[in-house]
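The structure under discussion appears below in the form of structure tokens.
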Amino acid sequence: MSTFLEAVIRGLGTGSVYALLALGFVIIYKATSVISFAQPALMLSGAVVTSYLVPAMGVVLFTGFSFFFSVAVAAIITAILALVIERLAIRPMVGKAVFVVAIITLGIDIAVRVVVNGFIGLGARPIGFPWGLDRVTILGLDVQIRHLVMMGTVTLVVSALYLFFQRSRYGLAMRAAAFDQEAAMTMGVSVGGVFALSWAIAGALAAIAGSLLATGAGVDRQLWIVALVALPAIILGGLDSLEGAVVGGLLIGVAEALVGSYQRDLAPWLGDNVALVSPYILMLAVLLVRPYGIFGTPEVRRV
Amino acid sequence: MTTTTRPGTAKVSTRVSGRPGFYRSYSQELALFNTRPKQVGVAAVVVLGLLGPFVLEDALLRTLAIAFVFAIGALGLNIVTGLAGQVSLGHAFFLGIGAYTAAAISGDPDGRTIGFGIEEMWVWLPASGLVAAAFGVAVAPLATRLRGLYLAIVTLGLVFIGEHVFREWSDLTGGAGVGRSAATPQLFGFDFSEGTEMFSREQQLYLLMFVLMLVFALGARNLARSRVGRAFSAVRDRDMAAEMMSIDLPRTKALAFGISSFYAGCAGGLLYTVSGFFDPASFNLLLSVQFIAMVLIGGAGTVGGTIAGALFVSLLPTLTRELPNFIPMISRQVTETPNVFQVEQVLYGLLIVVFLLFEPRGLYGIWVRVRTYWKSWPFSY
């Protein structure tokens, strides 16, 4: 039982990071109806910025202060990067086929990632997470501190996002633009501003997620692949549902952790590392039953 | 396609000289090469291509042979994405299936990896295509239920699942980092990968791949004008309208995926015969993106454009290797930044972006513009 619960907690930890990444995808999708394949590059650059900032800070007010402060700064820097990308490459394509814009983000992803890789070097860069891989025992369960930190940080960020969308003027504008772009425009909402803001938020979320993911093994060139795991998460939840993104992310995280702990005993013939592809298999299975995910709105076809 | 002949008139097949855009019958308009310049142009390209081995160096011939195989794969992606409008990021997966089918059929029966020892190309080439096509048709039920970006993500998932299977199934693939030897390009006892007195290995492979590419390109061009191909375009332009014109959507999409995967499978089987060896890590997302880049840079939906795009993308590494001669800042060493390999990858990304931003119809669009300019010269339109 404790193996099961430990796996669930581990899954909820990484799953909450997936949720964060998934939220980034969904926010961009809701605003611009495009899936941004540039998220992996933004995530990687966020993690790299953090890994450079933490040692440069050196101030210790309390344990982890320099880490969390660096993550916040990295989030802002990545948000600015996302803004630049949006302005240069995405805005000129407003009104073009979504597929074309999606492929453009794919191209940006490759280009940005190569540049960022240059800052990583060949090995893994330590991210300066104060607890490393330390463990604590809570209620008899052996848990890594970093998973608890992930859950805590993500809860905080998601609550802040919720407040932003529900209570602030800009949040209202974004919801309005997502609901009906033209109507929002006639009510004085700057739709271009909404596009930019959605990219900035997605970039910041990706930076936080990247820094949290790198707490384990540091930042390396393979880290970006993890960002794509958020795609099964948003498909599970439905492309246009923020709640769905969070639930999907957590589900994927837990499923991955469970497969990771049990597959070797139950189905060894599947080979090693099945956990890494289990999100995609889960996605295919769910799509066969519900083509628009668990929370997504089915597309209405008008003649 | 039958010609509708009005009573009293004979079947008109002659062209009006000096009026290339004037068609006198449907069969003329739907002809494989419907204009005289097209006929002449294609003939010229074929002749130039066949002259290639006698004027070019072996290293370049080898690159071109690989480029021709890439063109076959890109033609396949063009059928499903350019013609039928179904976004597929999973092309690398089908390529991998073709590569392993071919390698397994042609492989050494007593070797380290699975092999059946049938080295004849006319067996393993169609087989690799058909097995990949079977997988394509199997995926199609998902494609018929999903549209646009959902489909893109699902096919992306295929690449990851395929990569995992290829890595783990080491009896077939040799395992990650080890790999296995590729299929032998042998036709009726003649092995193209072994040089003879007359031709070097590269010259033979170049000619083989060039001819095969022509065959596949002809097939793709012919498909586009057939009933099936026109159904594909109808689905791409407006699937609901197509459905109302009694085009069976599930069947059409399944067919598009099947044919596209057939091309991908054949390309996969052929691709590694040039290098002779391949690793399961080759079939990753980057390969899929390269194919998308070929189709988009070349011009989606066009055969000539796709081939041009494939050649362009495949020759890009050769071009970037020359860059350090002009810009001394760029290094040839992998360990230094910026190096040529980084420049090459950045260029893939940026070229896709730049083409989509400024010339969405790709190289083909540039050609159309040049053609229109000279057609109406000295007037601007």
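Below, read A as the first sequence line, B as the second, and so on, with proteins coming before strands; counting in each chain starts at 1. Because only heavy atoms are used, hydrogens play no part in the values below, and waters and symmetry mates are left out as well, while side chains stay in.
- Evaluation of the side-chain hydrogen bond (donor to acceptor under 3.5 Å, both in side chains) rule for B/Glu163 yields no partner, not counting sequence neighbours.
- Listed by first then second residue, pairs satisfying side chain to side chain donor-acceptor pair (under 3.5 Å) with a partner in residues 98-113 of chain A read A/Asp109-A/Arg113, not counting sequence neighbours.
- You'll find the side chain of A/Val112 stays beyond 4.5 Å of the side chain of B/Val346, heavy atoms only.
- Across all non-hydrogen atoms, the minimal contact from A/Met283 to B/Val154 is CE-CA, 3.9 Å.
- Only the side chain of A/Leu106 comes within contact range of chain B, with at least one heavy atom under 4.5 Å from a heavy atom of that chain.
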- CA sep, side-chain torsions, deciding dist, call: B/Ile161, A/Leu284, side-chain contact (heavy atoms from CB on, under 4.5 Å): CA-CA 10 Å; B/Ile161 295 174; A/Leu284 289 183; 3.7 Å; yes

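- Using a 4.5 Å cut-off between heavy atoms, A/Ser278 does not touch chain B at all.
- Residues meeting the salt bridge (charged side-chain N to carboxylate O under 4.0 Å, His left out) test with A/Arg87, sequence neighbours left out: none.
- When heavy atoms are compared at a cutoff of 4.5 Å, A/Val101 does not approach chain B at all.
- Looking at A/Phe37 and B/Leu89, their side chains come closer than 4.5 Å, going by heavy atoms from C-beta outward.
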Would you check, one step at a time, whether the test side-chain contact (heavy atoms from CB on, under 4.5 Å) holds for B/Phe160 with A/Leu276?
-> CA-CA 9 Å; B/Phe160 282 103; A/Leu276 293 180; over 6 Å; no

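- Among residues 286-293 of chain B, the residues having any heavy atom closer than 4.5 Å to a heavy atom of chain A are, in sequence order, B/Leu286, B/Val289, B/Ile292.
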